[in-house]
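To start, the structure under review is shown below, and the notes come after it.
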Amino acid sequence: MALVLGIETSCDETAAAVVEDARRILSNVVSSQAAVHAPYGGVVPELASRHHIENMGPVLEAAMAEAGTGFAGLEAVAVTQGPGLVGSLLVGVQVAKAIALVHRKPLVPVHHVAGHVEAAFLAHGEIPLPALALVVSGGHTSLYTVPEEGVYRLLGRTRDDAAGEAFDKVAKLLGLGYPGGPAIDRLSEGADDRAVDFTVARIKDGSADFSFSGIKTAVLLHVKREDIAPVADADAVPVRVRDLVASFQRAVVTALVRGLVKGAEAHRPASLIVTGGVAANTLLRREAERAARGLGLPVFIPPLALTSDNAAMIAAAGFVNLARGIRGDLGLNAEPHLPLG
Ligand code: KG4
Ligand code: ZN
């Protein structure tokens with residue numbers, strides 16, 4: 001029985017978790033700063049770092065207490081090294097280094113996006129490989145092949161905005177609050193998603209890349225043309241705004257699923273993975289499952305607690321890196337632009 005402590009502070013969630021033997025979650029504590037950043041319609045880096053410092057202690061204590069272990073009982077400490085906001089990442093990296101130093105435990109750096117992919121393995125156990133993984137979050141929209149656990153080969157990524165970023169920006173424009181994804185998901189339920197004809201541009205050079213800045217601009221132009229005012233009362237959102245966000249959501253999901261299917265046809269994987277914050281989206285989950293049925297492949301989508309940022313996925317990825325001999329030393333630094341694959 002081996003326990004790994006995971007620490008995640010790359011954006012606006014302060015998280016710590018203990019995972020046993022790569023697959024069993026003993027604790028998974030997440031303190032979201034959404035309420036702190038909501039008035040600004042997006043994450044304010046300065047505020048995020050400050051709140052990570054305040055929240056880290058209690059979050060860590062809760063994760064250890066819930067897991068029923070002390071630091072001495074750990075096999076290793078895994079931490080998100082990047083990518084993310086440098087001031088936020090630094091908090092987690094420094095705390096992980098301190099624990100590793102004081103308790104003489106291996107320090108294991110983890111790539112945040114690898115963590116999102118490992119969330120699927122953590123939740124579903126054995127996944128037929130090679131897998132094709134679509135990682136969709138506020139910071140990333142990337143497609144990877146996963147020939148074996150811990151190996152990620154980048155096939156394509158967004159050339160501009162991440163899909164989650166587009167959700168957040170459209171929500172901000174319409175006064176729907178932050179984060180925008182959950183609000184748009186909820187408001188789209190039962191709305192007419194054919195009301196506005198949005199399309200997401202296809203990348204024409206044959207690559208597997210995505211692009212979401214065009215649809216964001218299309219929404220902005222539509223809002224100006226139709227003279228749509230930001231929503232004043234979150235409990236009484238006008239039908240035309242609900243139809244608008246539903247149409248936007250359908251276009252984004254169509255582009256994501258199209259990329260997934262194209263990747264599957266080109267690379268013939270044994271399974272599909274859809275993960276990251278946007279994988280919480282009701283329509284994306286439904287359409288990814290439908291596409292997988294069409295391809296005759298199993299699709300693995302983590303449960304909601306593991307799609308958005310959390311530290312259990314970092315601990316799970318920590319096991320993989322530990323087995324591959326990846327270690328950090330006390331010189332480990334936060335890497336805001338850390339590449340993967
Ligand atoms: O993975 P995550 O927690 O953080 C990053 O690594 O970026 O993803 C957060 C993103 C936000 O953009 C948020 O709006 C989006 O995930 N999101 C959703 C939903 N829930 C969260 N987007 C669409 N539908 C949802 N239900
Ligand atoms: Zn994330």
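Keep in mind the model is a prediction, meaning the values are calculated, not measured. Just so you know, ligand 1 is whichever comes first in the structure, and atom 1 is the first atom listed for that ligand.
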Checklist line | Glu13, any N or O under 3.5 Å of ligand 1 N or O | finding: no

Next item on the list: Describe, in one word, how the ring planes of His103 and Phe71 are oriented to each other, choosing from parallel (under 30°), tilted (30 to 60°) and perpendicular (over 60°).
Entry: tilted

Next item on the list: Report yes or no: does a heavy atom of His112 sit under 4.0 Å from some atom of ligand 1?
Entry: yes

Margin query: We want to know whether Ser31 and Gln33 form a side-chain donor-acceptor pair, criterion being a heavy-atom distance below 3.5 angstrom.
Written below: no

Note to self: Closer than 4.0 angstrom, basic N to acidic O: yes or no for Arg290 and Glu287?
What the structure shows: yes

Note to self: With heavy-atom distances below 4.0 Å as the criterion, list the atoms of ligand 1 near Ser308.
What the structure shows: 3 (O)

Next item on the list: May I ask you to list the atoms of ligand 1 that are less than 4.0 angstrom from any heavy atom of Pro179?
Entry: 14 (O)

Notebook entry, point to check: Any heavy atom of His116 sitting closer than 4.0 Å to ligand 1?
Noted result: yes

Checklist line | Those atoms of ligand 1 less than 4.0 Å from some heavy atom in Asp168 | finding: 11 (C), 12 (O), 13 (C), 14 (O)

Next item on the list: Heavy-atom contacts with Gly164 under 4.0 Å: which atoms of ligand 1 show up? List them by number with element.
Entry: 12 (O)

Next item on the list: Write out the residue and atom name of the closest protein heavy atom to atom 15 (C) of ligand 1, then the distance separating them to 0.1 Å.
Entry: Val278 CG2, 3.9 Å

Check: Among side-chain atoms of Asp161 and Ser213, is any donor-acceptor pair under 3.5 angstrom?
Finding: no

Next item on the list: Would you mind checking if Lys172 and Glu165 are paired as a salt bridge, meaning a charged N to carboxylate O distance below 4.0 Å?
Entry: no

Check: To which of Pro83, Gly139, Gly277 does the heavy atom nearest atom 16 (O) of ligand 1 belong?
Finding: Gly277

Item checked: Close-contact set for ligand 1 against Ala280 heavy atoms, below 4.0 Å -> 20 (N), 26 (N)

Margin query: Testing the basics here: between Thr14 and His52, what is the closest heavy-atom pair and its distance to 0.1 Å?
Written below: OG1-ND1, 2.9 Å

Check: Does CG in Asp197 sit with more than 12 non-hydrogen atoms of other residues, nucleotides or ligands closer than 6.0 Å?
Finding: no

Margin query: Can you count the protein N/O/S atoms lying under 2.8 Å from the Zn ion (ligand 2), leaving waters out?
Written below: 3

Checklist line | Exceeds 12 heavy-atom contacts within 6.0 angstrom, atom CZ of Arg242 | finding: yes

Check: Which residue owns the protein heavy atom closest to atom 26 (N) of ligand 1, what's the atom, and how far is it?
Finding: Asp185 OD2, 2.8 Å

Item checked: Cys11 to ligand 1, any heavy atom closer than 4.0 Å -> no

Margin query: Could you check whether any side-chain N or O of Thr275 sits under 3.5 Å from a backbone N or O of His116, counting only pairs where one atom can act as donor and the other as acceptor?
Written below: yes

Next item on the list: Go through Arg23 and Glu126 one step at a time and tell me if the salt bridge (Lys or Arg N to Asp or Glu O under 4.0 Å) criterion holds.
Entry: CA-CA 10 Å; Arg23 295 287 187 261; Glu126 297 321 305; 3.7 Å; yes

Next item on the list: For ligand 1, find out whether one of its N or O atoms is nearer than 3.5 Å to an N or O atom of Asn281.
Entry: yes

Next item on the list: Return the residue, atom name and 0.1 Å-rounded distance of the protein heavy atom closest to atom 9 (C) of ligand 1.
Entry: Gly138 N, 3.7 Å

Note to self: Can you confirm whether Arg153 is buried at CZ, in the sense that more than 12 heavy atoms of other residues, nucleotides or ligands lie under 6.0 Å from that atom?
What the structure shows: no

Check: So, Arg285 and Thr307: side-chain donor and acceptor under 3.5 Å apart, yes or no?
Finding: no

Notebook entry, point to check: Asp309 to ligand 1: N or O pair under 3.5 Å?
Noted result: yes

Next item on the list: Report the C-alpha distance between Lys262 and Glu265 in whole Å, list the side-chain angles of each, state the deciding distance to 0.1 Å, and finish with yes or no for salt bridge (Lys or Arg N to Asp or Glu O under 4.0 Å).
Entry: CA-CA 5 Å; Lys262 242 177 64 181; Glu265 285 168 352; over 6 Å; no

Checklist line | Residues Asp309 and His112: side-chain donor-acceptor under 3.5 angstrom | finding: yes

Notebook entry, point to check: What protein heavy atom sits nearest atom 18 (C) of ligand 1, and how far off is it?
Noted result: Gly181 CA, 3.5 Å

